[in-house]
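The structure under discussion appears below in the form of structure tokens.
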4 protein chains.
Amino acid sequence: MTEKQQRILEAALRLFAQEGYAATSTSKVAKAAGVSEGLIFRHFQSKEGLLQAILTQAHEMTRQAFAGVVLASDPKETIRKILELPYTISEAHYEMWRLVYALKWQTKQYDTSSYDPIRLVLQHAFAELGYADPAAEAELVFMYLDGAATAMLLHPPAQPAAVLEALKKKYNL
Amino acid sequence: MTEKQQRILEAALRLFAQEGYAATSTSKVAKAAGVSEGLIFRHFQSKEGLLQAILTQAHEMTRQAFAGVVLASDPKETIRKILELPYTISEAHYEMWRLVYALKWQTKQYDTSSYDPIRLVLQHAFAELGYADPAAEAELVFMYLDGAATAMLLHPPAQPAAVLEALKKKYNL
Amino acid sequence: MTEKQQRILEAALRLFAQEGYAATSTSKVAKAAGVSEGLIFRHFQSKEGLLQAILTQAHEMTRQAFAGVVLASDPKETIRKILELPYTISEAHYEMWRLVYALKWQTKQYDTSSYDPIRLVLQHAFAELGYADPAAEAELVFMYLDGAATAMLLHPPAQPAAVLEALKKKYNL
Amino acid sequence: MTEKQQRILEAALRLFAQEGYAATSTSKVAKAAGVSEGLIFRHFQSKEGLLQAILTQAHEMTRQAFAGVVLASDPKETIRKILELPYTISEAHYEMWRLVYALKWQTKQYDTSSYDPIRLVLQHAFAELGYADPAAEAELVFMYLDGAATAMLLHPPAQPAAVLEALKKKYNL
DNA sequence: TATGAATGAGACTTCATTCAT
DNA sequence: AATGAATGAAGTCTCATTCAT
């Protein structure tokens with residue numbers, strides 16, 4: 001991966017995340033990256049290929065974000081870690097997450113399978129704690145996670161911790 | 001509003017919602033609506049104007065969806081009605097909501113003010129019920145609402161009622 | 001067929017014939033036709049579509065050029081008319097024929113079926129005249145036709161009639 | 001001439017002959033030859049230079065093909081040898097001839113002077129045999145040659161010898 | 001009101017060529 | 001000799017928009 005390849009990826013990520021994939025022209029990406037437009041195609045074949053290269057990085061990022069969760073020792077810690085996930089999005093990853101969240105709404109790109117491991121771990125934790133309907137409870141948490149992440153990404157000054165506290169209380173954490 | 005104007009709006013809504021605003025060309029809209037491309041511009045001035053016309057309808061739809069909530073007599077009913085909101089999205093409005101949700105991620109279009117009345121009513125209800133931090137509690141519900149609506153819109157077969165039940169229990173509803 | 005469509009076809013024919021299909025850019029065609037480049041694609045979908053539109057005209061031209069031959073009453077007249085074919089290419093059709101001949105060498109476009117009727121008529125005529133191997137004789141004439149047409153098209157000042165005379169003598173015409 | 005130079009020439013010949021000079025990119029040539037694109041330019045300066053290198057080989061090939069003819073002792077043998085020329089194209093030279101024939105139709109490249117010696121020898125032979133118009137007779141043979149070669153090159157399974165026989169009879173060979 | 005021809009800017013992509021290594 | 005990153009111009013094609021009818 002040459003330095004210019006890296007610059008292209010960074011510029012594309014920023015622009016795709018901020019203005020949308022379709023609304024961002026490859027010429028804008030090239031200008032922002034300080035390279036010739038042709039270079040984008042030499043390295044990534046097509047605009048779509050550029051997006052895929054970014055999404056591959058995103059997948060790796062997701063994997064790492066979830067890695068910490070699975071290591072939790074008891075169900076309560078598992079749930080707590082998962083609830084805190086939206087608060088652990090580092091600034092460096094804001095744009096990546098924004099892009100992933102925005103792309104959900106574009107029919108062709110959507111694939112939720114990366115979230116399956118978390119879903120399973122969560123159901124298991126609720127089951128251990130004796131919840132009546134662990135699957136429903138897990139789904140509920142997922143909805144909160146999605147809403148919380150959305151809020152963090154759209155209003156970057158971020159969410160007050162009070163919300164998280166209120167939620168933890170509901171699960172006696 | 002002539003019949004052709006209506007047809008344009010419907011086609012545009014469907015395409016904007018399914019493929020994205022930027023990714024939908026006016027020519028595609030014209031073809032889908034069965035009208036000439038010129039007619040779009042006679043009626044709506046520009047592609048942006050066409051979007052605004054749709055968003056005006058969306059605003060009215062939102063207003064109506066929220067109207068029922070404010071009429072609730074006691075705080076518990078208020079909260080219950082609000083929690084149930086995502087389940088009341090009628091099929092006829094799916095695409096409109098999809099479009100609104102997708103546009104959130106496009107910097108220029110985002111305006112949350114239509115949700116302010118609900119936020120206030122919700123905070124008031126939690127205050128009446130003696131919650132320690134009504135604002136945080138309201139924010140929490142908002143996150144759930146956003147996540148639930150997202151789930152309904154992206155996986156149309158819809159959410160099981162069990163999730164809603166699990167949530168209601170948490171608020172003793 | 002609007003006037004500009006016609007102008008595009010004429011300009012494209014001239015340029016494709018003189019400089020080659022691949023070597024002619026749609027921008028050159030547009031400039032030569034005095035229209036915007038986009039118009040080419042509105043009317044003909046693609047550069048390839050533009051070529052096909054021209055080839056459809058070429059096919060019609062070929063059909064007409066051959067129409068006169070089939071009406072001949074006796075075998076000798078048939079053969080004479082066919083031998084004279086290269087000399088009947090009107091100036092107005094030079095470019096069309098040049099294009100057709102040039103495209104023969106581009107793998108994808110080649111289709112000889114338009115010549116089949118002539119081949120059959122010719123074989124029949126030679127058979128009637130009692131030639132030992134009418135098929136071979138017809139093939140021979142075809143080679144001459146191809147060579148003669150090539151000469152006419154590549155050295156426009158044209159071929160001396162003496163060549164044709166020498167040939168006619170060989171068939172006692 | 002290094003091995004890679006050779007590989008470039010071979011790949012270029014094949015592609016230029018099959019797809020056309022203008023339609024073949026230097027990148028395609030490099031890939032087909034299994035070398036880097038830069039190497040083409042180090043060895044041949046430009047795409048045009050690469051073509052010229054091939055045409056130089058073609059010229060040598062033509063010279064050799066014609067060499068045998070001029071050595072013929074009597075006029076009849078001369079004519080016979082010339083008529084047989086299209087049948088002597090070796091498979092190894094098909095692509096070279098195809099390229100030469102295809103380039104005839106690209107205005108800039110065409111130069112017939114290599115055929116002049118044959119033309120003269122042929123006229124001389126017909127004059128010796130007492131033909132009324134030796135020049136016209138030679139031209140006629142040239143047209144046949146061109147048509148026959150074209151047929152051989154475009155329909156590789158090749159021409160039946162019967163055609164050649166029919167022709168030889170016309171010249172009492 | 002409605003059409004569809006027409007445009008010019010800009011989209012994505014490919015090209016021949018150069019250059020540092 | 002050889003590579004492959006890099007470029008700028010040019011390629012085909014699409015876009016939003018205008019206008020005569």
Side-chain angles (χ1 to χ4, degrees), chain A residues 1-5 7-8 22-30 33-50, chain B residues 1-5 7-8 22-31 33-51, chain C residues 1-5 7-8 22-30 33-50, chain D residues 1-5 7-8 22-31 33-51:
Chain A
M1 171 97 64
T2 74
E3 185 232 343
K4 296 211 173 184
Q5 245 178 105
R7 289 228 306 273
I8 292 170
T24 301
S25 70
T26 51
S27 124
K28 240 190 288 185
V29 172
V35 304
S36 72
E37 205 174 346
L39 194 58
I40 293 177
F41 295 89
R42 168 173 249 287
H43 284 312
F44 303 100
Q45 281 69 257
S46 65
K47 191 186 173 187
E48 165 76 16
L50 175 55
Chain B
M1 170 97 61
T2 73
E3 187 232 344
K4 294 207 172 181
Q5 254 177 92
R7 289 230 304 274
I8 292 170
T24 302
S25 70
T26 51
S27 125
K28 242 190 286 185
V29 173
K31 237 166 261 161
V35 304
S36 72
E37 211 173 339
L39 197 57
I40 293 177
F41 292 86
R42 166 163 258 290
H43 284 315
F44 303 98
Q45 284 65 254
S46 66
K47 190 187 174 186
E48 166 74 17
L50 176 54
L51 177 60
Chain C
M1 170 96 64
T2 73
E3 186 231 342
K4 297 210 171 181
Q5 247 177 102
R7 289 230 303 274
I8 292 170
T24 302
S25 71
T26 52
S27 123
K28 239 190 287 184
V29 173
V35 304
S36 70
E37 203 174 348
L39 194 58
I40 292 177
F41 295 89
R42 168 173 250 288
H43 284 313
F44 303 99
Q45 282 69 255
S46 65
K47 191 187 174 186
E48 164 76 17
L50 175 55
Chain D
M1 170 99 61
T2 74
E3 186 231 345
K4 294 208 174 184
Q5 250 177 99
R7 288 230 303 275
I8 292 171
T24 302
S25 69
T26 51
S27 125
K28 242 188 288 185
V29 173
K31 237 166 262 162
V35 304
S36 72
E37 211 174 339
L39 196 58
I40 293 177
F41 292 87
R42 166 164 259 290
H43 284 314
F44 303 98
Q45 283 66 255
S46 66
K47 190 186 173 186
E48 167 74 17
L50 176 55
L51 177 60

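Chain naming here is simple, since letters A, B, ... match the order of the sequence lines and numbering starts at 1 in each.
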Kindly compute the distance separating [atom1] ([X]) from [atom2] ([Y]), expressed to the nearest 0.5 Å.
X        : Y        : atom1 : atom2 : result
Thr26(B) : Lys31(B) : OG1   : NZ    : 10.0 Å
Thr2(A)  : Ile8(A)  : OG1   : CD1   : 7.0 Å
Ser27(B) : Arg42(C) : OG    : CZ    : 9.0 Å
His43(C) : Gln45(C) : NE2   : CD    : 10.0 Å

For DNA chain F, what are the stems built from at least three Watson-Crick or G-U pairs in a row, each pair having both distances below 3.5 Å?
->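 The stems that DNA chain F takes part in, listed by first number, are E:2-21 with F:2-21.
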Which nucleotide sits closest to the side chain of [X]: [options]?
X        : options                  : result
Ser36(C) : dA2(F), dA11(E), dG8(E)  : dG8(E)
Phe41(A) : dT1(E), dC12(E), dA1(F)  : dC12(E)
Thr26(A) : dA6(E), dT18(E), dT13(E) : dT13(E)

With DNA chain F as reference, determine whether Thr2(D) or Ser46(B) sits nearer its 5' end, using the nearest nucleotide of each.
->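 This one resolves to Thr2(D).
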Hey, which sits more toward the 5' end of DNA chain F by its nearest nucleotide, Gly38(A) or Ser25(B)?
-> Gly38(A)
Value in whole Å for how far the [atom2] atom of [N] lies from [atom1] of [X]:
X        : N       : atom1 : atom2 : answer
Leu39(B) : dC19(F) : CG    : C1'   : 14 Å
Lys4(C)  : dT21(F) : NZ    : C1'   : 15 Å
Gln45(A) : dC12(E) : CD    : C1'   : 14 Å
Ile40(B) : dT17(F) : CD1   : P     : 10 Å
Lys47(C) : dC13(F) : NZ    : P     : 8 Å
Ile8(A)  : dT7(F)  : CD1   : C1'   : 12 Å
Leu50(B) : dT17(F) : CG    : P     : 10 Å
Arg7(D)  : dT3(F)  : CZ    : C1'   : 14 Å

Write down the atom of Lys47(A), the atom of Phe41(A), and the distance for their closest heavy-atom approach.
-> N-CE2, 4.0 Å
Minimal heavy-atom distance between Gly34(B) and Arg7(B), with the atoms involved, is O-NH2, 3.5 Å
Indicate whether OP1 or OP2 belonging to dA5(E) is found under 4.0 Å from a side-chain N or O atom of Arg42(C).
->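 Yes, such a contact exists.
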Report yes if at least one side-chain N or O of His43(B) is closer than 4.0 Å to OP1 or OP2 of dA2(E); otherwise report no.
->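 Yes, within the criterion.
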Using heavy atoms to find the nearest nucleotide of DNA chain E for Glu3(C) and Lys28(A) separately, return the residue whose nucleotide is more 5′.
->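 The residue closer to the strand's 5' end, by nearest nucleotide, is Glu3(C).
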Which part of the nucleic acid, if any, lies within reach of Glu37(A) when heavy atoms closer than 4.0 Å are counted: base, sugar-phosphate only, or nothing?
->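 The residue Glu37(A) makes base contact.
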Okay, side chain of Lys4(A), backbone of Ser36(A): is any donor-acceptor separation there less than 3.5 Å?
->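 Such a contact is absent between Lys4(A) side chain and Ser36(A) backbone.
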